[in-house]
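Each chain gets a letter, A, B and so on, in the order the sequences are listed, and its residues count up from 1. None of these values were measured; they are calculated from a predicted model.
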Amino acid sequence: MDSILSTSLAQLAFPEAVPTITLAHYLFVSAAMFVMGLIGFMTRKNMIIMFLCTELMFQGAGLALIAFGRHHLGADGQTFVIFVLCVAAAEAAMALALVVLLFRHRESLSSQSWKELNG
Amino acid sequence: MINTTLLSSMLALAPDAHAGGAHAPATSEVASGPSWILLIVALPMVTTILCGIYAMIGNKSKLPAWTTVVGAGIAFLCTVAMYLSFDGTPYTVHAFDWIQVHFSSEGGDKSMIANFSFYIDTLTIYWMLFVTGLATLIALYASEYMSHDIGTSYCRFFGAFGLFVFSMACLVMGDNLLMLYLGWEGVGLCSYLLIGYFYKKPEAVAAAKKAFIVNRIGDLGLALGVYLTFVHFGSLEYAVLFNDPTLLGYVESAKVGDFSAIPAMAQWIPLLFMIGAFGKSAQFPLYVWLPDAMEGPTPVSALIHAATMVTAGVYLIARTYPMFLASEHALPIVAWIGTITALLAATIGMAQFDIKRIMAYSTVSQLGYMFAGLGVLTPTGGAYHVLTHAFFKALLFLCCGAVMHGFAGQLDLRKLSGLRQVKGWGIVSLGMFIGCINLAGVPFTAGYFSKDTILAEAFVTPGYAMIGWILLITAGLTAYYTFRVFFRVFMGPVEYHPGDELHDHDHDDHGEANHHDAGQHGDHHADHFHPHAPGWAINTVLVVLTVCSIFASGLYIVGGNKDAHTKHYADTMVSASTASYHSNYGSHAFEYYEKDPEHYPVPGIGPRGTIEQPLEMPLVGGDPHKMMYYISGVIGVIGIALAWFLHLFGRTNAAECKMDPIARMFGPIPKLAENKWYVDEIYWAILVTPLRIGSHILHWIDKLFVDGIVNVFGFLPRLLAWILRPSQSGVLQGYAVSMAGGIALLLLTVFVIILQGGAS
Amino acid sequence: MGDLYRRVLYLPRGINHRPGPHLRETTTRNNAVDSIINPIVLYLICATGAIGIAAALPRRNKVAAITGGIVLAAAVGFAILILGLNTTESGQPLPNYFFYPFAILGLGSAARMITHPRPVYSALYFILTIIASCGMYLLLSAEFMAFALVIIYAGAILITYLFVIMLATQAPSSAAEEFIDETDAVAREPVISCGIGFVLLAILTTAMFRGLGDLPAPPDQTLAQDSVLVNLPSKVERVLDRADILATGERLARNDDGTAAIDVATRTITIENTDLGTTRTIEADQWPEQLTAGNLDRLGYNLMHDHPMTIEIAGVILLMAMLGATVLARKHIELEDDLKAAQSRKLGENMKMGDA
Amino acid sequence: MSPIWTILLIVIPLLGALLVAFDREEGAYQSAMRTMLFTLIPGLFMLYQFDYTMGSEYQGAASINWISDLGLKLSIGTDAIALLLIALTVLLGPIVVAASKTAITEDRRKYYAWLLVLQSAMVGVFAARDLMLFYICFEFTLLPMFVLIRCYGSTNRVAASTKFFLYTFTGSMMTLAGLMYVVYFVAQETGIWTLDIAMITSIAPRMPLDHQAWVLFAMLAGFAVKVPLFPVHTWLPLAHTEAPTAGSVILAGVLLKLGTYGLLRFAIPITPAAFIEYAPFIATLSVIGIIYAGLICWVQEDIKKLVAYSSVSHLGFCVLGLAALNVSGLSGSVLYMLSHGLSTGGLFLMIGFMYERYHTRDMRQVGGLASKMPVWSFFMVFFAMASVGLPGLNGFPSEVLCLIAAFQSDAAWTAAHEAGAWGTTLGPWFAVFAGTGMVIAAMYLLYMVGKICFGAYREPEGHHAHEVLPTDLSRREIWTLIPLAVGCLVFGLRPVYLLDAVSDPINDTVIAAYENQHHELHIETNEEHAMTEHSTSEQHP
């Protein structure tokens with residue numbers, strides 16, 4: 001049972017795999033990245049940076065996918081990261097177009113200036 | 001013929017249980033009498049309706065007065081016919097069903113019956129005689145007295161007058177306690193309408209309201225008593241009630257003196273009736289309305305507040321006397337309250353200057369005497385005093401009325417003097433004189449005899465000697481203040497000043513009493529002001545009443561019935577009815593016992609005494625009755641002499657007299673007495689203002705709390721909405737934060753549960 | 001009451017979606033997790049990290065931002081220390097020198113990206129994060145993805161971001177300089193967001209750590225990789241050619257379903273001679289060195305074999321994005337007059353500034 | 001008696017309402033008056049036709065199937081009590097229309113239409129023989145009243161109408177809940193869903209005591225608000241002061257009686273054991289109400305609010321009679337419902353006539369009207385005396401019966417006097433305190449009469465004579481008052497007519513209440529408990 005945890009996820013080929021980095025490490029990092037993206041999205045007022053933080057979240061997710069791919073030695077993880085990339089790109093395009101549009105209206109990038117839809 | 005019939009009725013009815021009388025069971029049907037008796041009640045109602053119609057068609061003549069006089073007159077004649085044709089056995093006359101509830105409970109068919117029917121027995125006749133008699137006379141008197149207000153007010157007056165006679169008839173002749181209560185409230189209403197006759201005067205309206213409300217408090221006591229009697233004895237009709245074996249059993253055990261057998265509820269009934277009686281007959285706690293009732297026209301004061309209505313309380317106690325006997329504390333309280341009222345009213349009467357107010361307080365005082373009479377176990381004495389008092393007090397009031405009528409509303413005895421010498425006022429002075437000697441209790445007058453019986457009985461019944469002495473003192477005071485009025489107003493130098501038009505009716509049609517000089521204090525003879533001498537109607541009524549007062553004393557001598565052991569007319573009439581009580585303390589108790597041992601209770605045994613108690617309470621060494629003749633006579637004469645010396649001897653003008661320096665010598669007491677011992681103010685402070693403040697507080701509570709809570713419930717939804725509104729702020733990141741927060745919270749709870757679940 | 005929660009929340013017994021009452025077992029596995037990092041310490045790290053970021057987020061007084069950064073650095077360092085200590089306990093030396101730098105670089109620059117008041121620097125830090133994660137991809141032997149990420153992500157997407165930032169945050173005049181900084185100087189509700197972030201992080205990490213135990217055991221490392229060769233006959237032939245194993249006229253034998261006739265387990269290959277119709281097998285010892293399925297092979301095979309549909313959808317997404325972007329950007333915005341005036345004035349100044 | 005009359009009574013006002021609504025504005029009053037008189041005819045005919053010997057059977061009964069499988073059918077029919085209350089409603093109808101001829105000037109059609117709808121709703125309530133029709137009409141009376149107060153009231157009519165509507169509505173919601181539980185229980189017991197009152201009242205008493213208590217309180221919530229019992233009465237003064245004259249007369253005359261009628265028709269038969277158990281509680285509420293409202297009347301300046309609080313105090317007597325739950329109590333309260341309708345209806349008419357002339361209800365501004373308006377003052381004194389409960393007028397017999405009932409329902413009395421007799425355990429003290437209500441009534445009514453009728457003449461400044469109406473009462477106004485005055489006098493002198501008419505249904509209600517109460521307690525004795533438990537469990541499917 002314990003062997004699963006300790007099997008290392010080092011790279012197969014050169015350089016020589018370092019046995020002790022387990023799946024958990026990568027998951028922690030990806031979770032941390034995801035959460036930082038979330039915090040960034042919630043706290044930063046500049047719209048572009050907000051979208052940038054969503055990109056960071058994508059990044060976190062991608063890392064987790066790759067880690068699991070590596071753990072199961074399947075290539076699915078990586079294909080998904082490709083799709084993540086593709087979606088991120090699409091999202092970036094759309095988002096930035098929108099930001100430009102909004103910027104033209106209000107002369108500022110702050111998300112605070114758009115609050116007509118309130119009760 | 002009368003005596004024999006009375007005797008047979010006496011035996012048949014006398015509630016001597018020990019005689020094992022063959023009384024019919026509790027639901028005995030009393031014979032039903034001739035239906036023309038209903039005329040006595042119907043006629044006054046007819047006159048009221050006629051007066052209503054006159055008012056509608058706008059009658060401007062004295063017609064309403066004549067209809068009322070005729071109606072009352074016929075009613076009086078019917079009463080006399082009823083009296084003459086009365087054969088001793090009480091009977092009922094049924095008009096129509098009124099309130100009947102039949103509840104078929106498991107315990108057989110029970111029902112509450114209160115019909116419009118009339119119960120005629122000697123007590124009813126005795127009472128109705130002087131009620132209808134006086135009503136006719138006073139209606140005649142009022143026809144002239146109220147002549148200033150010809151028109152709708154005139155009709156309104158006589159309409160209310162007729163309604164009053166109708167209610168009094170219902171009260172006295174009603175065959176059940178609810179009819180009595182109907183009459184009771186009816187007379188209360190009529191006194192409200194008549195006191196408030198001059199409705200433009202705010203004092204009159206206030207006095208009327210006060211009279212009705214104080215009466216209403218008394219009525220509450222009576223009503224609760226009536227309901228309790230029904231609930232306790234199962235019926236309200238006299239015929240059934242006073243032959244109820246349970247009640248007779250109570251009376252018997254009361255006579256022997258053990259009150260433990262009588263349940264508390266039965267003992268409560270007379271106490272409640274007493275409250276009603278005090279309210280209506282203006283006794284100590286509830287007498288405050290009578291003096292204010294003088295705001296009404298004088299005929300009203302004479303009829304209602306002197307002769308008839310105020311005696312309703314005495315009638316109630318007399319009618320339900322067995323119940324009073326059955327209660328341990330009822331009669332002593334009645335006696336003591338009567339005495340206190342007599343003394344209190346006498347003291348206030350001495351210090352008043354308005355002659356009508358003095359007469360009002362003297363009525364309260366004399367009523368105190370009657371209640372004392374009832375209290376000291378002599379219903380006959382009380383009833384006889386009611387009769388005599390009705391005549392001479394009505395006479396006194398009417399004389400005062402005549403004075404007021406003639407002198408444009410002047411009633412202050414400091415502004416009137418020597419009316420005897422004024423032309424046209426001879427009859428009024430004579431009437432006043434006769435009334436005063438009766439009231440003062442000068443020997444051999446009717447008042448003297450009736451007051452004497454009460455005083456004697458007070459000394460005969462053990463434990464009431466103190467009452468006797470107080471009543472004696474009050475007799476003296478009565479004599480003093482009566483003749484104080486007489487000597488100040490009718491004797492002495494002739495001097496008079498017109499009143500300030502107490503009548504609100506304008507005087508322009510009467511040339512002779514002109515206004516402009518009213519304020520002036522004219523010289524000895526205000527030559528341009530001629531007193532308006534009373535007309536023929538007033539004089540005839542005064543003459544008739546004087547004659548009656550004089551011959552009323554005759555009733556003390558004549559009318560006795562040897563076999564029925566009744567000494568005089570009143571005795572026969574009262575003791576033949578439910579109100580009889582053969583005092584086995586009375587001076588005659590022993591005689592009766594010797595003559596007819598199995599018929600009369602063993603003397604000496606009574607509610608408050610034992611065999612050892614000596615029969616005769618020696619008063620100053622002799623039989624109380626005989627001694628009382630002399631003592632009360634002497635007291636009366638002393639009172640008169642004192643009044644003569646202080647108020648007539650050497651008096652030069654109307655205003656001052658010898659009494660004034662002496663009054664100052666007494667210090668504050670006369671001032672206090674003049675202000676009626678501030679009883680009104682005390683009532684107002686203790687009862688009315690706190691109740692009013694209480695009501696304001698209740699209203700405030702009702703508005704704030706009870707209503708407030710409801711409004712709060714109404715407000716809650718809006719409050720909730722107000723709280724939740726800011727959450728929709730429109731800022732994108734706000735929503736992001738709340739979403740993430742929601743997820744975090746959700747995960748946290750799920751995680752804790754799993755953890756907890758896992759750990760447990 | 002417990003089961004009511006459970007029923008209401010429709011939660012399976014354990015997070016790992018394994019039906020059946022495994023409650024007892026999870027507790028045992030729980031302490032297995034501790035071997036990597038003690039949960040309390042983990043929470044502590046996350047907490048200090050959260051506080052650090054909260055302080056470091058753009059705010060008025062710079063000093064607080066700096067101290068925030070320091071705290072953050074301390075937290076990351078502390079994490080590394082713990083991870084390192086744990087592993088040293090189990091006897092191996094501090095392993096894999098490459099994972100930690102990448103991790104630290106990645107997280108640090110991600111943190112710095114969030115906390116930096118100026119948007120341009122945030123974007124640049126983000127590029128640094130991308131590079132760090134590519135490093136990690138390499139460690140996870142996803143070489144293609146690493147480079148794809150650098151090229152597409154850092155190269156294309158972030159450049160567009162920078163482009164837009166540059167466009168939007170031009171300071172029309174020096175006076176407006178501060179104004180632009182202003183909008184982004186102060187973070188919005190830092191404390192609440194970081195609190196939420198911390199809670200999420202703590203839960204995600206603990207949940208993941210607890211869940212790890214239930215993962216199916218990874219197949220044998222070597223075998224799993226090469227098994228894909230069976231499906232890539234043309235590649236095998238090319239390698240054999242290059243390794244001069246195939247004589248003339250010989251080619252790789254195909255099974256009847258078209259797959260390569262090799263057996264990875266026993267490392268034997270069957271070759272058939274088309275002219276002579278004879279077949280011969282090559283033993284394990286002759287298995288050429290280069291005949292292994294690299295990352296690219298497996299990725300390509302997987303992409304084409306397992307996810308044909310997804311590729312189509314990805315294509316459609318990208319098309320739509322392109323269409324959307326053009327439509328949005330092209331539409332001429334009827335600005336109110338005064339806005340239009342301000343816009344033209346600003347362009348004018350830029351022109352001047354540019355020229356000067 | 002054929003059911004056509006009852007149907008006519010409900011349908012004619014509705015048709016009339018339609019007619020009036022689409023008639024021309026001027027003719028509104030005439031057509032409304034014609035419809036009201038038309039409804040009077042079947043009413044009087046039913047009174048004449050009704051066979052009083054079997055007063056407690058439903059006569060003029062009919063039922064229409066609505067949703068048969070749910071057991072919903074609208075069935076109508078009246079017994080003696082309901083008939084008398086219908087007669088009162090039908091009598092008040094024309095009076096109210098006549099009284100509002102000059103009071104309402106603009107958009108009369110809407111006013112009279114809603115008045116007619118209210119009339120038919122009220123008759124519907126009394127004539128309903130099943131819960132559904134009862135509840136529909138009970139709720140439907142709210143709407144017209146709401147409109148009347150809302151559009152034709154005086155100053156702050158909006159607040160008053162909303163509070164009136166919501167207050168009563170929430171109360172009746174709870175009643176609906178209670179009744180539905182009872183229907184459910186009956187369905188459990190007998191397996192058939194029915195809303196027929198007779199069926200329900202025969203089975204409902206089997207409910208155990210605590211269920212009955214809950215149902216009773218639910219019903220109390222709805223009916224107590226309508227009766228205005230003490231704590232929930234605050235809507236009445238507000239509604240009355242703001243309602244137009246006609247609205248006030250109908251509200252006081254009939255709508256308040258819905259509450260007491262509900263208690264009599266539903267609370268006592270359906271939950272007898274609980275009613276007997278909580279009768280002292282209800283009685284205390286009513287006695288507090290009597291004294292509390294009485295004292296508040298005494299300090300009011302606004303006459304209408306004074307009379308409104310006085311009806312709270314008077315209806316306290318009525319509920320006290322119900323709480324005593326013996327024959328005299330119930331007959332007293334039925335008599336009270338009828339007499340209160342007449343006397344307080346009269347009082348509100350008087351206030352309305354005065355308001356039309358002086359446009360103020362403040363006692364301080366107007367007074368001494370006897371000199372200017374003698375006929376008005378005569379009627380005012382007459383109706384004041386009727387509501388004070390002067391013997392000879394209609395207030396007295398009902399008050400006597402209610403107070404005697406309170407005395408009679410004393411355990412000591414029942415034990416001493418009637419072996420099997422029953423009574424809730426009120427004591428003599430309830431009657432004594434309620435009795436003080438008579439004194440307080442005298443105080444505040446005479447205070448009002450003294451201020452308004454007698455004393456020096458006062459009028460609000462800027463008062464000018466009414467263009468149309470004479471200073472004293474016009475012929476039309478007198479004709480609206482005469483039937484009420486005659487009614488007061490006749491019921492005062494001859495209450496026997498009413499008492500005999502209602503004696504049958506009341507005896508049946510009282511006996512049924514105690515039979516069921518004993519029956520229910522009988523079950524409770526433990527050795528049978530097992531047996532009944534066993535038997536009831538079989539019945540459940």
Visitor: Run Phe34(A) and Gln59(A) through side-chain contact (heavy atoms from CB on, under 4.5 Å) and show every step you take.
Guide: CA-CA 8 Å; Phe34(A) 177 82; Gln59(A) 206 48 41; over 6 Å; no
Visitor: Check each atom of Met113(C) against the heavy atoms of chain A and say whether the ones under 4.5 Å are side chain, backbone, both or neither.
Guide: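 Contact with chain A: backbone and side chain both.
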Visitor: Side chain from CB out, backbone as N, CA, C, O: work out which of these in Phe51(A) comes under 4.5 Å of a heavy atom of chain C, or both, or neither.
Guide: both
Visitor: Could you tell me which of Thr129(C), Leu299(C), Leu204(C), Ile53(C) has the largest number of non-hydrogen atom pairs under 4.5 Å with chain A?
Guide: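 Option with the greatest count: Leu299(C).
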Visitor: For Tyr137(C) and Gln78(A), test the side chains for any donor-to-acceptor distance below 3.5 angstrom and give the result as yes or no.
Guide: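 No donor-acceptor contact under 3.5 Å links the two side chains.
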Visitor: Highest number of heavy-atom pairs under 4.5 Å with chain C: which of Cys86(A), Ala92(A), Ala88(A), Gly60(A)?
Guide: Cys86(A)
Visitor: What are the two closest heavy atoms between Ala50(C) and Phe198(C), and how far apart are they?
Guide: CB-CB, 3.6 Å
Visitor: Which one wins on heavy-atom pair count under 4.5 Å against chain A: Ile196(C), Thr205(C), Ile192(C), Ile152(C)?
Guide: Thr205(C)
Visitor: What class does the angle between the rings of Phe83(A) and Phe80(A) fall in, given that below 30° is parallel, 30 to 60° is tilted and above 60° is perpendicular?
Guide: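 Because their plane-to-plane angle is over 60°, the rings of Phe83(A) and Phe80(A) count as perpendicular.
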Visitor: Examine whether an atom of Ile311(C) lies under 4.5 Å from a heavy atom of chain A, and if so say whether it belongs to the side chain, the backbone or both; otherwise answer neither.
Guide: both
Visitor: So what's closer than 4.5 Å to chain C heavy atoms on Glu91(A): side chain, backbone, both or neither?
Guide: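 Only the side chain of Glu91(A) comes within 4.5 Å of chain C.
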Visitor: Go through the atoms of Val100(A) and report whether side chain, backbone, both or neither lie under 4.5 Å from a heavy atom of chain C.
Guide: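 The side chain, not the backbone.
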Visitor: Sort out for me which of Met42(A), Met36(A), Met33(A) touches chain C most, counting heavy-atom pairs under 4.5 Å.
Guide: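 Heavy-atom pair counts peak at Met36(A).
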Visitor: side-chain contact (heavy atoms from CB on, under 4.5 Å) for Ile82(A) and Met145(C)? Distances and angles first, verdict last.
Guide: CA-CA 7 Å; Ile82(A) 291 171; Met145(C) 280 323 296; 3.5 Å; yes
Visitor: Please state whether the side chain, the backbone, both or neither of Thr310(C) comes within less than 4.5 Å of a heavy atom of chain A.
Guide: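 For Thr310(C), heavy atoms of backbone and side chain both lie under 4.5 Å from chain A.
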Visitor: Phe126(C) versus chain A, heavy atoms under 4.5 Å apart: side chain, backbone, both or neither?
Guide: side chain
Visitor: With respect to chain A, which residue among Ala156(C), Ala54(C), Ser122(C) yields the maximal number of heavy-atom pairs within a distance under 4.5 Å?
Guide: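 Answer, by heavy-atom pair count under 4.5 Å with chain A: Ser122(C).
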Visitor: Most heavy-atom pairs under 4.5 angstrom with chain C, which of Ala32(A), Ser30(A), Gly77(A)?
Guide: Ala32(A)
Visitor: Side chain, backbone, both or neither: which part of Ile66(A) has a non-hydrogen atom closer than 4.5 Å to chain C?
Guide: both
Visitor: Under a 4.5 Å heavy-atom cutoff, which of Leu158(C), Ile313(C), Leu303(C), Thr160(C) has the most pairs with chain A?
Guide: Leu303(C)
Visitor: Shorter than 4.5 Å, heavy atoms on both sides: which option in Cys46(C), Ala148(C), Ser133(C) has the most such pairs with chain A?
Guide: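 If we count pairs closer than 4.5 Å to chain A, Ser133(C) comes out on top.
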Visitor: Under the 3.5 angstrom rule, does the side chain of Tyr125(C) hit a backbone N or O of Ala111(C) as a donor-acceptor pair?
Guide: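 Side chain of Tyr125(C) to backbone of Ala111(C): no pair is present.
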Visitor: For Ala123(C), which atoms come within 4.5 Å of any heavy atom of chain A: side chain, backbone, both, or neither?
Guide: both
Visitor: Select, from Leu149(C), Leu200(C), Leu319(C), the one with the greatest count of heavy-atom pairs under 4.5 Å involving chain A.
Guide: Leu149(C)
Visitor: Would you say the ring centroid of Tyr26(A) lies under 6.0 angstrom from that of Phe99(C)?
Guide: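 Close enough - the centres of the two rings lie under 6.0 Å apart.
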Visitor: Is it true that Ser109(C) and Arg112(C) share a donor-acceptor pair across their side chains at a distance under 3.5 Å?
Guide: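 Looking only at side-chain atoms, Ser109(C) and Arg112(C) do not form any donor-acceptor pair under 3.5 Å.
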Visitor: For Phe163(C), is it the side chain, the backbone, both, or neither that has a heavy atom closer than 4.5 Å to a heavy atom of chain A?
Guide: neither
Visitor: How far does CG of Leu140(C) sit from CG of Leu63(A), to the nearest 0.5 angstrom?
Guide: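 Atom-to-atom, Leu140(C):CG and Leu63(A):CG are 7.0 Å apart.
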Visitor: For Ser193(C) versus Thr43(A), what's the shortest heavy-atom pair and its separation?
Guide: OG-CG2, 3.5 Å
Visitor: Between Asp76(A) and Asp306(C), does the side-chain contact (heavy atoms from CB on, under 4.5 Å) criterion hold? Intermediate values first, please.
Guide: CA-CA 8 Å; Asp76(A) 292 337; Asp306(C) 295 344; 3.9 Å; yes
Visitor: Among Leu56(A), Ile49(A), Thr54(A), which residue satisfies the side-chain contact (heavy atoms from CB on, under 4.5 Å) criterion with Leu52(A)?
Guide: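 Exactly one pass, corresponding to Ile49(A).
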